[in-house]
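This report refers to the structure that appears directly beneath it.
Below, chain A is the first sequence line, B the second, and so on; all start at residue 1. The basis for the numbers below is simple: all heavy atoms, side chains too, and nothing from hydrogens, waters or symmetry mates.
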2 protein chains.
Amino acid sequence: METRELRYFVAVAEELHFSRAARRLGIAQPPLSRAIRQLERRLGVTLLERDSRGVALTPAGSVLLREGRAALDAVAAADRRTRRAGQAANGGAGLVLATKAGASSELLPKLLDAYAAEPDAVPVEVLLCGIGEQERLLRDGRADVALLHRPFDSITGLDSEELVTEQQVAILPAGHPLAHRPHLRMAEVEALPDLPMPRWPRSDGSYPPGPGPEVRDHAQLLQLVALGRTSVVLPESCRSLLRPDVAAVPVLDAPSVTTVIAWPPHSRSRALAGLVRTATRC
Amino acid sequence: METRELRYFVAVAEELHFSRAARRLGIAQPPLSRAIRQLERRLGVTLLERDSRGVALTPAGSVLLREGRAALDAVAAADRRTRRAGQAANGGAGLVLATKAGASSELLPKLLDAYAAEPDAVPVEVLLCGIGEQERLLRDGRADVALLHRPFDSITGLDSEELVTEQQVAILPAGHPLAHRPHLRMAEVEALPDLPMPRWPRSDGSYPPGPGPEVRDHAQLLQLVALGRTSVVLPESCRSLLRPDVAAVPVLDAPSVTTVIAWPPHSRSRALAGLVRTATRC
DNA sequence: GCGCGCGATACCCGGACGGTATCGCCGAGG
DNA sequence: CCTCGGCGATACCGTCCGGGTATCGCGCGC
């Protein structure tokens with residue numbers, strides 16, 4: 001199976017429409033139809049059910065969609081990491097660290113400073129990314145290592161070390177009746193009709209249904225809290241970047257959040273090992 | 001990057017010899033040279049250092065060797081799993097479970113029986129394999145799930161659940177002086193000059209140097225023990241398949257062994273989830 | 001110095017991939 | 001009921017790329 005065929009199939013499976021997929025791929029529709037048919041013939045499996053008014057995935061097709069995406073990510077990772085390894089010889093960046101914009105705002109500078117002081121440190125590029133993007137960045141080679149937050153982020157398929165665990169606090173508008181309570185319970189925060197919980201994007205980019213506002217990053221979120229439109233439960237380290245017009249109240253029964261440093265398996269370069277070692281010590 | 005190019009590069013990087021690699025790939029040498037040059041040009045990176053009397057990997061080349069193997073495994077997995085998903089519709093095998101030949105001899109039949117009794121069970125094919133092969137089988141799609149033994153097997157990059165933990169015992173010829181001791185220590189077992197520890201294959205198939213015999217599976221191993229050529233420390237569940245001419249003595253300070261059931265991340269099919277659930281309950 | 005082994009180059013051929021034109025099918029709408 | 005429009009499949013053609021053969025260039029060793 002060639003990556004070209006996988007790219008073509010993934011495009012069709014995502015669009016469920018040959019002509020749109022062909023446009024996306026920058027080719028005409030007939031060669032795309034032919035390529036998919038040929039792929040089906042070689043695999044001995046029908047991947048798509050075509051009737052008029054559309055295309056649907058067969059069970060085998062959805063297996064190939066999932067596995068094919070993973071394979072394409074692995075190929076992209078090989079490409080990117082090789083390019084960077086070649087340029088690193090000429091003094092390019094050593095490591096790319098991915099972290100959610102707005103999270104770990106205390107830990108990150110401490111880690112970077114401590115690592116930079118190590119004798120064999122290499123330059124670290126920091127990649128600020130949206131919610132849930134980090135796993136993808138690691139898998140397709142755009143990043144070498146990431147700071148993740150369990151249980152929000154999944155670490156399946158990654159190697160990791162725990163760094164810190166912290167309690168969570170509810171972020172409320174400063175003037176809200178609950179803002180002066182010493183502590184809260186999850187049930188109280190979730191039941192606020194005037195402050196519905198925000199909705200985060202799912203891994204496919206869509207949003208779950210519900211009353212709360214759609215948010216993509218922390219700055220956006222804090223602004224919505226200050227405006228009295230939503231409330232949210234976050235790890236307490238976020239206190240350091242709170243605006244004065246919002247309040248933080250501990251939530252006793254919220255799950256505690258563990259910050260972990262994670263990297264793709266089988267990629268322990270010397271530089272990465274040094275960064276991980278530094279991280280676990282500070 | 002096409003998988004053809006990756007296959008070609010991996011062949012050359014493994015053989016470190018263009019003509020041999022070309023023979024292995026079933027093509028002539030000139031097109032192979034050209035393909036590698038073209039790959040290097042497109043990546044903007046030199047992958048191989050050619051001087052006369054041979055070829056050597058550059059640092060970027062060894063990155064591409066590692067990442068390229070992973071990518072090729074992912075593509076192979078996509079191919080195999082799709083084929084099987086297509087045939088499964090016609091009543092093909094549901095799950096492939098990989099386990100080391102001779103290990104978990106009590107656990108495995110119990111697990112298979114318990115799972116077969118589940119209402120939504122699918123057929124399970126058991127793949128007996130050599131030491132350290134299971135991870136590869138999972139990654140390239142030949143198996144869906146495996147029984148592994150920590151700390152011998154690495155589970156990096158896999159999802160897993162713990163099943164049982166057990167102590168280890170030393171396996172000795174029945175007539176050996178130490179065979180009647182109530183228990184032993186690792187230092188005593190390792191220091192036997194007449195019974196050197198066997199050598200297991202490494203992940204690349206080669207054997208570490210040393211005095212002990214080279215072994216590949218458990219039957220072979222037990223025969224060598226009975227012949228008085230070696231001794232070995234194994235999990236105590238292996239007692240059930242010991243021959244009468246060997247003895248098992250507990251080793252107090254040997255690391256305990258945990259049997260885990262493991263599967264590739266992002267592949268939780270309904271059938272797999274059922275098998276894992278059954279496994280954790282028995 | 002001559003032969004030999006190995007990778008690079010030159011050149012040719014066939015097939016695969018992509019493009020344009022067109023067909024066949026089905027559903028919507030007047 | 002007929003027609004039109006949308007969509008995927010088919011037919012056909014040109015081109016480029018991948019593979020083969022022949023040969024070169026260059027070290028190394030007998």
Original post:
Does anyone know the first and last nucleotide of DNA chain C in reach of chain A, 5' to 3', at under 4.0 angstrom to a heavy atom?
Top reply: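 Nucleotide range in contact with chain A: C:dC17 to C:dG27.
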Original post:
Are the charged groups of B:E2 and A:R7 less than 4.0 angstrom apart, N to O?
Top reply: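 Yes, this pair counts.
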Subject >> Atom-pair distance (CD on B:E5; P on D:dG19), nearest Å >> reply: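 After rounding, the reported distance stands at 10 Å.
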Subject >> Interatomic distance, B:Y8 OH vs D:dG18 P [rounded to whole Å] >> reply: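 Answer to the nearest Å: 9 Å.
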[X]: which residues meet the side-chain hydrogen bond (donor to acceptor under 3.5 Å, both in side chains) condition with it, sequence neighbours left out?
{"X": "B:E118", "answer": "B:R281"}
{"X": "A:R229", "answer": "none"}
{"X": "A:T46", "answer": "none"}
{"X": "A:R24", "answer": "A:E14, A:E15"}

Check: [X] side chain, [Y] main-chain N or O, donor-acceptor pair, under 3.5 Å:
{"X": "A:H17", "Y": "A:R20", "result": "yes"}
{"X": "B:R80", "Y": "B:D140", "result": "yes"}
{"X": "A:Y8", "Y": "A:S33", "result": "no"}
{"X": "A:T99", "Y": "A:L128", "result": "no"}
{"X": "A:Q134", "Y": "A:L147", "result": "yes"}
{"X": "B:E133", "Y": "B:A98", "result": "no"}

Subject >> Partner residues of B:D73 under the salt bridge (Lys or Arg N to Asp or Glu O under 4.0 Å) criterion, sequence neighbours left out >> reply: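 With sequence neighbours excluded, B:D73 shows a salt bridge (Lys or Arg N to Asp or Glu O under 4.0 Å) to B:R136, B:R139, given in chain and number order.
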Subject >> For the student: nearest non-hydrogen atoms of B:D144 and B:P264, plus distance >> reply: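 In this case the closest contact between B:D144 and B:P264 is O-CD, 3.3 Å.
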**OP:** Could you list by number each residue of residues 56-63 of chain B showing a heavy-atom separation from DNA chain D of less than 4.0 Å, or answer none if no residue does?
**Re:**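 Here the set is empty: none.
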Check the interface with nucleotides 14-16 of chain D: list each N/O to N/O pair with the protein under 3.5 Å, or write none.
none

Original post:
What residues in residues 33-42 of chain A put a non-hydrogen atom under 4.0 Å from any atom of DNA chain C?
Top reply: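 When residues 33-42 of chain A is checked for heavy atoms under 4.0 Å from DNA chain C, the hits, listed by number, are A:R34, A:Q38.
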Subject >> Strand contacts (DNA chain C) in residues 11-20 of chain A, 4.0 angstrom heavy-atom criterion >> reply: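 Correct list: empty, so none.
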Original post:
Got a sec, which pairs hit side chain to side chain donor-acceptor pair (under 3.5 Å) with one end in residues 56-67 of chain B, sequence neighbours left out?
Top reply: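 The answer is A:R81-B:E67.
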Subject >> Earlier contact from the 5' end, DNA chain C, for A:L32 and B:R23 >> reply: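 Looking at DNA chain C, the more 5' nearest nucleotide goes with B:R23.
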**OP:** Name all residues meeting the side-chain contact (heavy atoms from CB on, under 4.5 Å) criterion together with A:P201; count only those two or more places apart in sequence or in a different chain, and write none if there are none.
**Re:**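 Testing A:P201 for side-chain contact (heavy atoms from CB on, under 4.5 Å), a comparison that skips the adjacent residues, returns A:Y207, A:R216.
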